[in-house]
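Shown next, in structure tokens, is the structure this report addresses.
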Amino acid sequence: MTQPLAIITNCKSTQNLRGDAWIEPLLTNEKHVAHFKVVDVGEIPGVLGHCAAMGAETIVVNGGDGTAGLVFAGLLNHNVYRRLPALALLPAGKTNMTAAGWSMTGKPEDALRALLECRRDARLSEYAVERPVLCVFRGGTHLPLYGAFFGAAEMVDGILFCRRHIYPLNMPNAISHTAAIGILLWRSMLARRGGGNIEVCDDDGLAEAGSFFAMVVTALDQLLFGVRLMPDGRGKSSAPLTYVSLRPGVFPMLRAMGSLVSREVGPGPGRTMRITERLALNFTGTYTLDGELYETRASETLTLDGSKRLPFIQLPRRMQA
């Protein structure tokens, strides 16, 4: 018997705003497939309960990075599954780093078509790979947040600017991201300032404090435009998270730009990079997790941890063409 499969579509993700009518024709002859359309992301935990009730061992997430992170949180915070399902992430948002790094690339239509074909051949489980996900513990009564990319410092102000002034122009993603990065670089080099004071430490002796242009913690090996993080010159080893900090100013940014051109970023002047399992941050201001924005205070400690894991379906690119 073909295993049940569920599809969760975030109707408000960037690419799905143009319509999702292409999905239903692909499902015409598919048995035991349920398609859930979410208008409010607060519906996701309840939808995951329906997925568990129908016995879906694979969930296709049709959205962007933010949607993926909310599904991670729904699974790990609410325990609706006894055995966690495999996730297949379609690239249907404004940013799709998580899908590109851990699951599907290209056009969502082609990706879903390939997934359904593989399911008919009962081969989906062959392509399931466990990945560590990034957890942000906020303390108090807050539920943990889950995702793949955490960002703080001056870069978050740049992200806010781009959301207000660049993304509403509805340019192609590649152009929007290029313009956004250009503005972030300008802010760092010409403004010559960083975000407010941030303190960070981990269990292996890392300790930094001060103003930063960017502070990033990620479970991904690869970011936008295929940029790869090389903490020790060779790439990530066994630790689940990569920590990167970049000081503001002309010279640190010029050196960082050279690394971006080569698409390999490692440690350098004004730039700290290392792998870690767990770290703590204290600061007052805004931070981002997979594009979603949150606030924290210096009196609170954010603990970032990479001990939780989820399985992802990652088909070879040749199968998605």
Side-chain angles (χ1 to χ4, degrees), residues 6-14 16 36-53 56-104 128-152 156 216-220 240-241 277-281 286-296 300-313:
I7 302 171
I8 300 176
T9 291
N10 181 356
C11 297
K12 292 189 176 180
S13 69
T14 299
N16 289 331
F36 301 95
K37 296 184 179 184
V38 172
V39 177
D40 183 340
V41 293
E43 302 172 47
I44 288 178
V47 168
L48 291 172
H50 291 305
C51 296
E57 295 185 5
T58 300
I59 297 176
V60 179
V61 182
N62 180 26
D65 291 340
T67 306
L70 292 170
V71 171
F72 302 166
L75 290 170
L76 294 169
N77 286 335
H78 299 285
N79 299 314
V80 293
Y81 270 88
R82 291 184 179 180
R83 182 174 180 270
L84 289 169
L87 300 176
L89 309 180
L90 303 185
K94 172 60 72 174
T95 57
N96 302 290
M97 288 192 297
T98 310
W102 290 346
S103 194
M104 311 298 289
V129 181
E130 277 202 346
R131 306 282 187 183
V133 296
L134 171 61
C135 177
V136 180
F137 294 97
R138 296 176 287 173
T141 59
H142 297 293
L143 288 173
L145 302 171
Y146 289 91
F149 179 92
F150 171 97
V156 176
V216 167
V217 182
T218 182
L220 297 168
L241 304 177
E277 295 183 3
R278 186 180 177 92
L279 49 80
L281 291 90
T286 306
Y287 62 93
T288 180
L289 183 66
D290 292 344
E292 303 298 317
L293 297 173
Y294 305 90
E295 296 289 330
T296 188
E300 303 169 342
T301 297
L302 295 180
T303 302
L304 280 61
D305 178 90
S307 61
K308 297 288 187 180
R309 303 176 72 88
L310 286 170
F312 294 88
I313 302 294

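Computation of the quantities below employed the complete heavy-atom set of this structure, encompassing side-chain atoms and omitting hydrogens, waters and symmetry-equivalent molecules.
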Any side-chain heavy atom of [X] within less than 4.5 Å of one from [Y]?
X	Y	answer
Leu241	Phe150	no
Leu89	Met104	no
Val133	Leu76	yes
Asn10	Leu70	no
Thr218	Leu134	no
Leu310	Arg131	no
Leu90	Ile7	no
Trp102	Leu87	no

Which heavy atom of [X] sits nearest to which heavy atom of [Y], and what is that distance?
X	Y	value
Asn96	Gly64	OD1-CA, 3.7 Å
Arg138	Tyr287	CD-OH, 3.3 Å
Leu84	Arg309	CD1-O, 4.0 Å
Pro132	Ala219	O-CB, 3.4 Å
Glu292	Gly66	OE2-CA, 3.9 Å
Ser13	Ala92	OG-O, 3.1 Å

Given 3.5 Å as the limit, does a donor-acceptor pair link the side chain of [X] with the main chain of [Y], or not?
X	Y	value
Asn16	Asn62	yes
Ser103	Phe312	no
Asp65	Thr98	yes
Asp290	Phe149	yes
Thr95	Met97	no

- Task: Let me see the working for Ile59 and Leu48 under side-chain contact (heavy atoms from CB on, under 4.5 Å), right down to the final yes or no.
- Result: CA-CA 9 Å; Ile59 297 176; Leu48 291 172; 3.7 Å; yes
Output the distance between atom [atom1] ([X]) and atom [atom2] ([Y]), rounded to the nearest 0.5 Å.
X	Y	atom1	atom2	result
Leu281	Leu304	CG	CG	6.0 Å
Leu75	Lys308	CG	NZ	12.0 Å
Phe36	Thr9	CZ	OG1	11.0 Å
Leu279	Glu277	CG	CD	11.0 Å

Under 3.5 Å, sequence neighbours excluded: what are the donor-acceptor pairs made by side chains of residues 139-147?
none

- Message: Applying side chain to side chain donor-acceptor pair (under 3.5 Å) as the test, list every pair that has at least one member in residues 68-89; sequence neighbours left out.
- Response: none
